[in-house]
Amino acid sequence: MVRELLKNAALRLTNSDTPMLDARVLLAKVMGAENAAMIFNMPNEKQIKTFQEYISRRQNGEPVAYILGEKEFMGFTFQLNSDTLIPRPDTECLVEKVLELNRISSPKILDLCTGSGCIGISLAKMIDKSTLELTDISEGALSMAKLNANELLASDSTKVYSLDILNEEISGKYDIITANPPYIEREIAKNLPVSEYEPMRALDGGEDGLTFYKVISKKAFSALNKGGMLALEIGYDQKEKVCSLLTDFSEVLDFKDYGGNDRVIVCFK
Ligand code: GLN
C-alpha cells in the first residue's frame, strides 16, 4: 500500500529528475520517519492529505528543501525559510578550503550575507574555540540564522545581527571573513528558474554581478587582522574579475568545485 502511494505520487512529479526520491523524502517527513524505507504502516488520513499537499507543491516546481523547511550542509541540518537560499553542495568547498587553510587558532569568524548561516555555523562547529558573528541585511534570513545557531552551537556563543554590507561598515576585527554574496548578473538572475522560489535578494549581484565583491574586497581587508583570511564563493566565470579586486591581499588562491568550475577564492592579508 505504501509502495502504491509512493509510486502514484512519483508519477505526478514529471518535472523532477528524482521523482521517487522526492516522494520518499516527503512521505518520511510527513510520517516523522528517518527515511521512507523505515515506514511499515500506511499513513493515516491526515498524513496522506499532508503528503498529497506536499506532492502538489513539488509538482508546481517548489524545491524539496523548502517543502521540508530544511537542508543538510556539511552533515548538519539547517532550517530554511523563503528568505534563505538553499545551501548548495558547491558551497561546502568553501567551508572545506577555510578549514584546510586556516592558520590561526581560536579565530574570530565573520560570515557576511549569511542567509541560513550555513557557512559560518559549519566553520564554528569544526574549528575549536572559534567565535562567530553572522550578518545579513534580511530580517527573515537573520531569524533563521539565529535559530540554526541556537540549534547547532552552544547557546549565546554566536552574535547574529543586521549588516547592510553595501552601505554600512564592518565594526570589529576578524581572523576569518567568509561570504557567499549574491553574484548573478541582474538580467540573468531575473530569468533563472531557481528565482521562482529562492529569494532574488540572495541571487542578484547587480548589473555586472560584482557589486558585492567590489565592496567586500575593501571592507573585509580593513576588518581583517594581519594574516587573516577572506574566503569568497564566486560564479563559474568570475575568477579573473574577482581576483582583480583583491590586489590589496598578499596571497590570492582559487579553487574549483566538484563539478570542475571555478567556485572559491581564498586570500590572506
Ligand atoms: N551564505 C548563505 C549560503 O551560502 C547565503 C548566501 C546568499 O544569500 N547569497 O547559502
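What's counted below: heavy atoms across the whole structure, side chains too, no hydrogens, waters or symmetry copies. Numbers here are sequence positions counted from 1.
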Taking atom types as modelled, find out whether S16 and D22 have a side-chain donor-acceptor pair closer than 3.5 angstrom.
yes

Report the residue from T84, L147, L68 that forms a side-chain contact (heavy atoms from CB on, under 4.5 Å) with Q79.
L147

Note: E72-R88 ion pair, threshold 4.0 Å (strictly below)
no

G260 backbone acceptor or donor facing D257 side chain under 3.5 Å
yes

Spell out, yes or no, whether I234 and V252 are grouped together once hydrophobic residues are joined by side-chain heavy atoms under 4.5 Å, including indirect joins.
yes

Side chain to side chain, Y236 and D262, heavy atoms closer than 4.5 Å
no

Start with the C-alpha distance between E251 and R103, add both sets of side-chain angles, then the distance that settles salt bridge (Lys or Arg N to Asp or Glu O under 4.0 Å), and finish with yes or no.
CA-CA 14 Å; E251 197 185 341; R103 303 158 181 171; 3.2 Å; yes

Mind checking whether L142 and Y161 have side chains closer than 4.5 Å, heavy atoms only?
no

N-O pairing of D175 and K108 below 4.0 Å
no

Does K269 qualify as a cation-pi partner of F221, given the criterion of NZ or CZ under 6.0 Å from the six-membered ring centre and within 45 degrees of its axis?
yes

Is it possible for you to say whether L232 and V264 belong to one hydrophobic cluster, with membership spreading through side-chain heavy-atom contacts below 4.5 Å?
no

How about CG on D17, more than 12 heavy atoms from neighbouring residues, nucleotides or ligands closer than 6.0 Å, or not?
no

Pairwise distance CD1(I165) to OG(S162) - rounded to 0.5 angstrom:
11.0 Å

The residue among L230, L132, I127 that forms side-chain contact (heavy atoms from CB on, under 4.5 Å) with I176 is I127

Non-hydrogen atoms of S130 and L123 that approach each other most closely:
OG-O, 4.4 Å

Grab the two heavy atoms, one from S138 and one from D83, that are nearest each other, plus how far apart they are.
OG-CB, 3.7 Å

Please answer whether the main-chain N or O of M144 pairs with a side-chain N or O of N148 as donor and acceptor at a distance below 3.5 Å.
yes

Side-chain heavy atoms under 4.5 angstrom apart, residues restricted to Ile, Leu, Val, Met, Phe, Trp, Tyr: same cluster for F78 and L134?
yes

Donor-acceptor contact below 3.5 Å, side chain D164 vs main chain E168:
no

Run the ring pair (Phe, Tyr, Trp, His ring centres under 6.0 Å) test on Y183 and F212 for me, step by step, so that the C-alpha distance in whole Å, both residues' side-chain angles and the decisive distance to 0.1 Å come before the verdict.
CA-CA 7 Å; Y183 59 66; F212 285 81; over 10 Å; no

Any donor-acceptor N or O pair under 3.5 Å, side chains Y174, E133:
yes

From NZ (K218) to CG (L245), nearest 0.5 Å
6.5 Å

Do the non-hydrogen side-chain atoms of L101 and F255 ever get within less than 4.5 Å of each other?
yes

Do any N or O atoms from the side chain of N8 and from the backbone of E4 form a donor-acceptor pair under 3.5 angstrom?
yes

Less than 3.5 Å apart, any donor N or O on the side chain of E70 or T77 sitting next to an acceptor on the other?
no

Between D111 and T178, do the side chains contain an N or O donor and an N or O acceptor separated by less than 3.5 Å?
yes

If we only count heavy atoms from C-beta on, is the K71 to Y66 side-chain gap below 4.5 Å?
no

The reported gap from CG in L94 to CD1 in I265 (rounded to nearest 0.5 angstrom) is 10.5 Å

I'd like to know if M1 and M31 are part of one continuous hydrophobic network [Ile/Leu/Val/Met/Phe/Trp/Tyr, side-chain heavy atoms within less than 4.5 Å].
yes

Hydrophobic clusters here meaning ILVMFWY residues chained together by side-chain heavy-atom distances under 4.5 Å, can you tell me if L192 and M200 are in one?
no

Residue pair T211 / G206: nearest heavy atoms and the distance that separates them
OG1-CA, 3.5 Å

Least distance between heavy atoms, L85 atom then L80 atom
O-CD2, 4.0 Å

From L152 CG over to F76 CZ, what is the distance, rounded to the nearest 0.5 angstrom?
7.5 Å

For M42 and I48: C-alpha separation, side-chain torsions, deciding distance, then whether side chain to side chain contact (heavy atoms under 4.5 Å, CB included) applies.
CA-CA 9 Å; M42 191 62 185; I48 293 180; 4.0 Å; yes

For K46, does its backbone N or O pair with a side-chain atom of T50 as donor and acceptor, under 3.5 Å?
yes

Which value, rounded to the nearest 0.5 Å, describes the distance between R58 atom CZ and T18 atom OG1?
6.5 Å

Over all heavy atoms of both residues, which pair between S143 and N81 is shortest? Give the atoms and the distance, please.
OG-ND2, 4.1 Å

Nearest 0.5 angstrom please: L253 CG to E100 CD, how far?
10.0 Å

Evaluate whether atom NZ of K241 has more than 12 neighbouring non-hydrogen atoms of other residues, nucleotides or ligands under 6.0 angstrom away.
yes

Using a strict cut-off of less than 4.0 Å between a Lys/Arg side-chain nitrogen and an Asp/Glu carboxylate oxygen, indicate whether E53 and R57 qualify as a salt bridge.
no

pair V95-F73: side-chain heavy atoms closer than 4.5 Å:
yes

Keeping D136 on the side-chain end and T114 on the backbone end, is there a donor-acceptor pair under 3.5 Å?
yes

Are the side chains of P181 and I216 in touch, meaning some heavy atoms are under 4.5 Å apart?
yes

Checking K239, K256, E233 against R263 for side-chain contact (heavy atoms from CB on, under 4.5 Å), the one that qualifies is E233

N-O pairing of D208 and K214 below 4.0 Å:
yes

Taking the side chain as everything from C-beta on, heavy atoms only, tell me whether P43 gets closer than 4.5 Å to L27.
yes

Okay, side chain of K173, backbone of S222: is any donor-acceptor separation there less than 3.5 Å?
yes

Quick one: does Q52's side chain have a donor or acceptor within less than 3.5 Å of a partner on K49's backbone?
no

Just by distance, no angles: are the side chains of R12 and S56 close enough, under 3.5 Å, to form a donor-acceptor pair?
yes

Taking everything shown except K219 itself, do over 12 heavy atoms lie less than 6.0 Å from its NZ?
yes

Contact summary for E198 and I86, nearest pair of heavy atoms
OE1-N, 2.8 Å

